[in-house]
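These notes concern the structure reproduced below.
For the single chain, residues carry numbers from 1 onward in sequence order.
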Amino acid sequence: MKFNIEHHTRFAFNKPIGYTIQQLRLTPQDGFGQRVSNWQVKVSGLSSTQLDAFGNTTHTLVMDTPHQEIMISATGEVETDLDWSTDLLAKDKSKHDDLALPIYLRSTALTEANDQVIQFAQQVASQHKSINQDLLTALMNEISQTVILNKTTAENQQSAITTLTAGKALSQGMTHLFISCCRALKIPARFVHGYCFNPITKQLENHSWADAWLVGSGWQSFDVANNAPSNGIHIRLATGLDYRDACPISSVMHDIGNEKMSVNFKVHEMSQIQQ
């Protein structure tokens, strides 16, 4: 599938502020079955572009004069659900993340496992003889049956422990729980944030899912919130150890609490790619 995407974010402040720094992770990259073209990120201040430790293309936005509004737009075209298995150029382009696999076994504040999470993971693993696709699929199924996807859940309550305890979460929380269980089972796992296209509403939504590493297969993607593998309706933006590494916009410095944020998506399903 081919999508033409417009992502507009506006920050409005109740009173002028003098300084803002934001990290933007709004640039998808080639790889994992997607190809990107004509992608642009435009901001209302000065920005610089770099790759972070996880291979994400990031923009650092700096505004050092009084301002009461910040405008950010990301636009371009993305093809998904492509067969990259025989495309050597594409395979080279997809090797953005050169970090050693043990890094993806590290616990973070959002993926930390307590006894309840560890027991949950081990109970699923006890029904499988080896670490394979079936085990990870069963783990995804078990989380989707245990935790309700609740889009009204507060964003600051999305840790793995809180998700399992509350039994409800956003896609971030369900992904953190899946990653936490994987790491408890010594399976490298990472957080993925991007877009998910709803073919019924024709709307693009911010969404999170996970990659887990299997020996002999490499990174495999699991959309726990939708209880399905990642497929042609997913567009990857960034990866990391948890949501904080991969979130689309993070404010390093400005007057939080003095702001109102609005996000607007426009997406056109341009065509079905012929394989």
Requested in this report: Measure the shortest side-chain to side-chain distance between P188 and R183 over non-hydrogen atoms and say whether it is less than 4.5 angstrom.
Outcome: no
Report task. For atom CD1 of I148, decide whether the heavy atoms of other residues, nucleotides or ligands shown that lie under 6.0 angstrom number more than 12. Result -> no
Query raised in the report: Atom CD1 of I118 and atom OG of S180: how far apart are they, to the nearest 0.5 Å?
Result: 7.5 Å
Requested in this report: Please lay out, stage by stage, how I187 and I131 fare under the test side chain to side chain contact (heavy atoms under 4.5 Å, CB included).
Outcome: CA-CA 8 Å; I187 304 171; I131 296 175; 3.6 Å; yes
**Report entry** Value rounded to 0.5 Å, distance of OG in S171 from NE2 in H207
**Finding:** 5.0 Å
Query - Side chains of I72 and L24 in contact at under 4.5 Å (non-hydrogen atoms) - result: yes
Query raised in the report: How about N227 and N141: do any of their side-chain heavy atoms sit closer than 4.5 Å?
Result: yes
Query raised in the report: Do side-chain atoms of R25 reach the backbone of A238 as a donor and acceptor pair under 3.5 angstrom?
Result: no
Requested in this report: Verify side-chain hydrogen bond (donor to acceptor under 3.5 Å, both in side chains) between Q34 and T80, making sure each step is shown before the conclusion.
Outcome: CA-CA 4 Å; Q34 71 181 29; T80 64; over 6 Å; no
**Report entry** Rounded distance (nearest 0.5 Å) linking atom OG of S221 with atom CG of D223
**Finding:** 9.5 Å
Query raised in the report: Ignoring hydrogens and geometry, is there a side-chain-to-backbone donor-acceptor pair from N226 to A228 under 3.5 Å?
Result: no
**Report entry** Stepwise salt bridge (charged side-chain N to carboxylate O under 4.0 Å, His left out) check, D211 with R236
**Finding:** CA-CA 11 Å; D211 287 341; R236 303 167 68 95; 2.6 Å; yes
Query raised in the report: Taking C-beta and beyond as the side chain, do T9 and M261 meet within less than 4.5 Å on heavy atoms?
Result: yes
Requested in this report: Look at the rings of W213 and W219 and say which category their plane angle falls in: under 30° parallel, 30 to 60° tilted, over 60° perpendicular.
Outcome: perpendicular
Query - CA sep, side-chain torsions, deciding dist, call: Y243, H176, side chain to side chain contact (heavy atoms under 4.5 Å, CB included) - result: CA-CA 8 Å; Y243 178 72; H176 285 141; 3.6 Å; yes
Query raised in the report: Can you get from F222 to I143 by hopping between Ile, Leu, Val, Met, Phe, Trp and Tyr side chains that sit under 4.5 Å apart?
Result: yes
Query raised in the report: Side chains of L99 and F54: closer than 4.5 Å at any heavy-atom pair?
Result: yes
Requested in this report: Check step by step if side chain to side chain contact (heavy atoms under 4.5 Å, CB included) holds for K168 and L149.
Outcome: CA-CA 6 Å; K168 63 179 182 178; L149 177 63; over 6 Å; no
Query raised in the report: What pair of heavy atoms forms the shortest contact from V124 to H128, and how long is it?
Result: O-CD2, 3.3 Å
Requested in this report: Kindly compute the distance separating CG (D242) from CD (Q172), expressed to the nearest 0.5 Å.
Outcome: 11.0 Å
Query raised in the report: Which heavy-atom pair separates P28 from I235 by the least distance, and what is that distance?
Result: CB-CG2, 4.3 Å
Requested in this report: Find out if a path of hydrophobic residues (ILVMFWY) with successive side-chain heavy-atom gaps under 4.5 Å connects L110 to L177.
Outcome: no
Report summary line: With Y195 as partner, the option from Q203, H7, H234 fulfilling side chain to side chain donor-acceptor pair (under 3.5 Å) is H7
Report task. Spell out, as yes or no, whether a donor-acceptor pair under 3.5 Å connects the side chain of H67 to the backbone of T65. Result -> yes
Query - same_hphob_cluster(L139, I161) at 4.5 Å side-chain heavy-atom cutoff - result: yes
Query raised in the report: Which heavy-atom pair separates Q116 from L164 by the least distance, and what is that distance?
Result: CG-CD2, 3.6 Å
Report task. Report yes if the side chains of V224 and W209 come closer than 4.5 Å at any heavy-atom pair, otherwise no. Result -> no
Query raised in the report: Between Q40 and S73, is a side chain to side chain contact (heavy atoms under 4.5 Å, CB included) present by the stated rule, with each step listed?
Result: CA-CA 8 Å; Q40 296 183 18; S73 67; over 6 Å; no
Query raised in the report: Just wondering, more than 12 heavy atoms not from D115 lying within 6.0 Å of its CG?
Result: no
Requested in this report: Report the distance from atom OG1 of T20 to atom CD1 of I70, rounding to the nearest 0.5 Å.
Outcome: 4.0 Å
Query - Under 3.5 Å side-chain donor-acceptor pair for H59 and S48 - result: no
Query raised in the report: Does a side chain donor of either Q29 or T57 reach within less than 3.5 Å of an acceptor in the other side chain?
Result: yes
Query raised in the report: Is the shortest heavy-atom distance from the side chain of L214 to the side chain of Q133 under 4.5 Å?
Result: yes
Requested in this report: Without swapping roles, check the side chain of Q68 against the backbone of F13 for a donor-acceptor pair under 3.5 Å.
Outcome: yes
Requested in this report: Evaluate the ring planes of F197 and F3, with Trp represented by its six-membered ring, and classify them as parallel (under 30°), tilted (30 to 60°) or perpendicular (over 60°).
Outcome: tilted
Query raised in the report: Linking I/L/V/M/F/W/Y whenever their side-chain heavy atoms sit closer than 4.5 Å, directly or via other members, would L185 and L105 fall into one cluster?
Result: no
Requested in this report: Establish whether L170 and V263 are linked, either directly or via other cluster members, by ILVMFWY side-chain heavy-atom contacts under 4.5 Å.
Outcome: no
Report task. Report yes or no: do T58 and N56 form a side-chain donor-acceptor pair below 3.5 Å? Result -> no
Report task. Indicate yes or no for a side-chain donor-acceptor contact from T146 to the backbone of E142 under 3.5 Å, with no hydrogens or angles considered. Result -> yes
Requested in this report: Taking T162 for its side chain and Q158 for its backbone only, find out whether a donor-acceptor pair lies under 3.5 Å.
Outcome: no
Query raised in the report: H193 and S208: side-chain donor and acceptor closer than 3.5 Å?
Result: yes
Query raised in the report: Are any of the side-chain heavy atoms of T60 and Q23 separated by less than 4.5 Å?
Result: yes
Report summary line: On a heavy-atom basis, the closest approach of N206 and P248 is OD1-CG, 4.3 Å
Report task. Might you confirm whether atom CD of Q123 has over 12 heavy atoms from other residues, nucleotides or ligands at distances under 6.0 Å? Result -> no
**Report entry** Distance in Å, L136 CG paired with C182 SG, rounded so as to fall on 0.5 Å steps
**Finding:** 5.0 Å
Report task. Check whether more than 12 heavy atoms from other residues, nucleotides or ligands sit under 6.0 Å from atom CD of E6, and answer yes or no. Result -> yes
Report summary line: Heavy-atom nearest pair, I179 first then A210, reads CG1-CB, 4.0 Å
Requested in this report: Output yes when a side-chain donor or acceptor of D30 lies under 3.5 Å from a complementary backbone atom of V36, and no otherwise.
Outcome: yes
**Report entry** Distance-only donor-acceptor check, side chains E112 and S107, under 3.5 Å
**Finding:** no
Query raised in the report: So, T111 versus T108: side-chain donor-acceptor pair below 3.5 Å or not?
Result: yes
Report summary line: Nearest heavy-atom approach of T239 to V192 is CG2-CG2, 4.0 Å
